[in-house]
Amino acid sequence: MPTPLYTALVNHRDLNRSSFHTPGHKNNPLSLPQDLFSLDFTELPDTDSLFEADGPILEAERLAAKLFHAERTCISAGGCTLCIQAMLRLAAPDGGKVVCSRVLHRSAVNAMALLDIQPVWALPGEIVSSVESNPDAKAVYVTSPNYYGELLDIPAIARACRQADIPLLVDNAHGAHLMFTEPVLHPLALGASMTACSAHKTLNVLTGGAWLHIADSRFADGVKEAMALFGSTSPNYAVMASLDLARAWLEAHKGEYAALQQRVQKVRLAAREHGLSLPSGPSDPTRITLNTASIGLSGTAAAEIFRGAGVEPEYADGAHVVLIATPFNTESDFARLEDAIDLLPARSPLPGTPELPPLPPVKTGLREAVFSAAETVLLEDALGRVAAQAACPCPPGVPVVMPGEEITKDVLRFLQGYGFFSIKVLK
């Protein structure tokens with residue numbers, strides 16, 4: 001009998017590529033016990049229940065809260081998506097305005113539509129001023145780090161939120177490990193009220209494992225109800241157990257991420273010597289983001305060279321290759337990566353990314369735009385229409401139009417420049 005998905009996974013495993021992508025355990029047998037399959041149980045009298053936790057799940061959450069210095073921590077087997085949904089529900093249970101960074105995951109857009117939240121969009125450098133100019137906002141929602149590892153100025157945003165007496169919610173999906181870097185860069189330690197941390201991305205956790213950390217006690221009591229509103233009633237116990245195991249591992253190996261930083265720095269130096277540009281601003285010290293356009297190569301082309309050399313990246317776009325390293329990458333992995341970097345041909349730099357157009361005017365609410373009837377039209381016929389989807393060229397990784405916004409001439413030209421041919425619009 002055919003087993004297409006299972007067979008594809010086995011075939012990929014047998015390629016034996018060095019994993020510089022999620023999940024953070026890298027399939028390293030030292031990262032997790034090998035008997036988790038035998039622990040695939042369900043809610044039983046002695047195994048507790050995720051959304052009514054009063055036994056071992058609650059104790060596992062308490063231990064995680066202690067490690068991360070949180071007022072309360074909750075386990076998610078539904079990934080960071082469930083944590084994001086719960087954060088927004090806690091901060092704006094009746095909908096209303098939320099100041100939002102333009103850089104965000106689509107799960108947040110969908111959650112806002114479901115909760116009838118009206119986002120006030122702001123580019124990353126405009127968030128503090130947007131807080132000050134929207135005194136009726138119920139919260140601020142940002143993503144830090146982003147996919148490239150770039151970090152926002154969380155302390156400055158947190159100060160603005162405290163002055164406005166509103167919570168700061170941080171999608172920290174790619175930064176669960178930042179509590180253990182030197183210096184500590186985790187947004188919870190820098191003033192965030194709540195963080196959604198996709199532990200499986202950078203820690204030794206099975207895919208789907210995440211933590212919702214709460215620092216503001218005002219939101220601690222209702223968190224299980226908020227998560228139960230969106231979460232599955234059949235959470236995977238092996239995933240939850242891997243979170244508990246990762247927490248125990250972190251307690252015993254707190255210096256591993258500092259050691260990882262040093263190894264990543266060697267890779268970065270090798271990349272610079274090869275002519276590659278790296279992020280210039282504050283960034284995750286364990287993330288490897290290579291601007292391959294600086295040596296005349298698209299990120300997607302560079303990724304193919306890496307794969308041919310036995311290295312599987314996390315992500316590639318027209319200008320970058322992103323690689324996720326964790327303590328479970330071996331020295332052989334890093335040596336293979338450095339050899340792959342040496343294989344990249346160096347030419348004249350590619351043209352720079354065009355400047356983002358101004359944010360387009362909002363014509364209808366996000367909820368209405370997401371749930372109304374829509375159609376797909378050729379981009380050339382979309383001028384003046386209202387978008388029913390987000391359009392996010394990569395790079396720069398910032399949506400140039402969101403659901404409910406008008407497709408202006410500037411937006412049209414920008415999308416055409418990135419090879420967009422069609423877009424979904426409201427009827």
Side-chain angles (χ1 to χ4, degrees), residues 80-81 84-85 87-89 92 95-127 129-130 133-134 136-143 146-148 152 169 171 173 230 315 317-319 353-427:
C80 209
T81 293
I84 289 168
Q85 292 164 333
M87 283 198 308
L88 290 167
R89 169 68 176 175
K97 270 189 187 182
V98 172
V99 173
C100 295
S101 168
R102 193 72 172 187
V103 180
L104 79 171
H105 193 268
R106 64 182 179 182
S107 62
V109 176
N110 293 337
M112 286 183 224
L114 288 168
L115 294 167
D116 200 17
I117 288 172
Q118 299 140 38
V120 179
W121 300 115
L123 294 173
E126 301 169 351
I127 294 165
S129 61
S130 188
S133 59
N134 288 278
D136 56 340
K138 293 186 176 180
V140 173
Y141 179 92
V142 300
T143 301
N146 65 13
Y147 220 78
Y148 303 109
L152 292 177
L169 322 178
D171 174 357
F230 298 98
Y315 171 76
D317 61 29
T353 303
E355 186 175 345
L356 276 170
L359 296 185
V362 175
K363 292 299 184 180
T364 189
L366 179 64
R367 180 182 176 87
E368 180 181 351
V370 169
F371 290 109
S372 294
E375 61 181 343
T376 299
V377 300
L378 293 174
L379 194 61
E380 61 199 50
D381 298 326
L383 181 62
R385 301 287 294 273
V386 177
Q389 70 174 84
C392 183
C394 289
V398 179
V400 295
V401 66
M402 285 284 192
E405 294 179 342
E406 180 183 350
I407 299 170
T408 63
K409 288 182 180 179
D410 289 335
V411 167
L412 197 67
R413 281 196 293 265
F414 194 88
L415 293 176
Q416 286 173 332
Y418 274 90
F420 280 65
F421 296 104
S422 63
I423 191 167
K424 194 175 178 182
V425 296
L426 299 187
K427 285 188 176 180

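All residue numbers in this chain count up from 1 along the given sequence. Small disclaimer: the values here were computed from a predicted structure and weren't measured.
Residue S101 holds its OG atom at 12.5 Å from CG of L169, rounded to the nearest 0.5 Å. Atom CG in D171 sits 7.5 Å away from atom NE2 in H105 (nearest 0.5 Å). Between the CZ atom of R106 and the OG1 atom of T81 there is a distance of 8.5 Å, given to the nearest 0.5 Å. Atoms CG and CD, on L359 and E126 in that order, are 6.5 Å from each other to the nearest 0.5 Å. In this structure, the separation between CD1 on I423 and CG on D381 is 12.0 Å, given to the nearest 0.5 Å. Interatomic distance, CD1 of I407 versus CG of L415, reported as 7.5 Å (0.5 Å rounding).
Listed by chain and number, the residues in a side chain to side chain contact (heavy atoms under 4.5 Å, CB included) with P358 are D410 (sequence neighbours excluded). Qualifying side chain to side chain donor-acceptor pair (under 3.5 Å) partners for T408, counting only residues two or more places apart in sequence or in other chains: none. For T364, the side chain to side chain donor-acceptor pair (under 3.5 Å) partners two or more places apart in sequence, or in a different chain, are E368.
Residues I117 and Y141 are not in side-chain contact: their nearest non-hydrogen atoms beyond the backbone lie 4.5 Å or more apart. The shortest distance between side-chain heavy atoms of L88 and M112 falls below 4.5 Å.
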Item to complete: Report the C-alpha distance between D317 and Y148 in whole Å, list the side-chain angles of each, state the deciding distance to 0.1 Å, and finish with yes or no for side chain to side chain contact (heavy atoms under 4.5 Å, CB included).
Response: CA-CA 11 Å; D317 61 29; Y148 303 109; 2.5 Å; yes
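Results of the ring pair (Phe, Tyr, Trp, His ring centres under 6.0 Å) test with Y418 over F414, F421, F420 single out F414 as the only residue that passes.
Within the structure, side-chain hydrogen bond (donor to acceptor under 3.5 Å, both in side chains) pairs that include any residue of residues 391-400 do not occur (at least two apart or interchain). Residues in residues 111-123 take part in no salt bridge (charged side-chain N to carboxylate O under 4.0 Å, His left out) pair, two or more places apart or across chains.
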Distance-only check: which donor-acceptor pairs under 3.5 Å involve side-chain atoms of residues 383-403, not counting sequence neighbours?
residue : atom : partner : partner atom : Å
R385    : NH2  : E375    : OE2          : 2.7
R385    : NH2  : L426    : O            : 2.9
Q389    : OE1  : K424    : N            : 2.8

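Closest approach of A374 to K427, counting heavy atoms only: O-CE, 3.4 Å. Listed here is the closest heavy atom pair of A111 and Q85: CB-CG, 3.9 Å. The minimum heavy-atom distance linking P360 with E405 is given by the pair CG-OE1, 3.2 Å. Among all heavy-atom pairs drawn from T143 and N146, the shortest one is CG2-CA, 4.4 Å.
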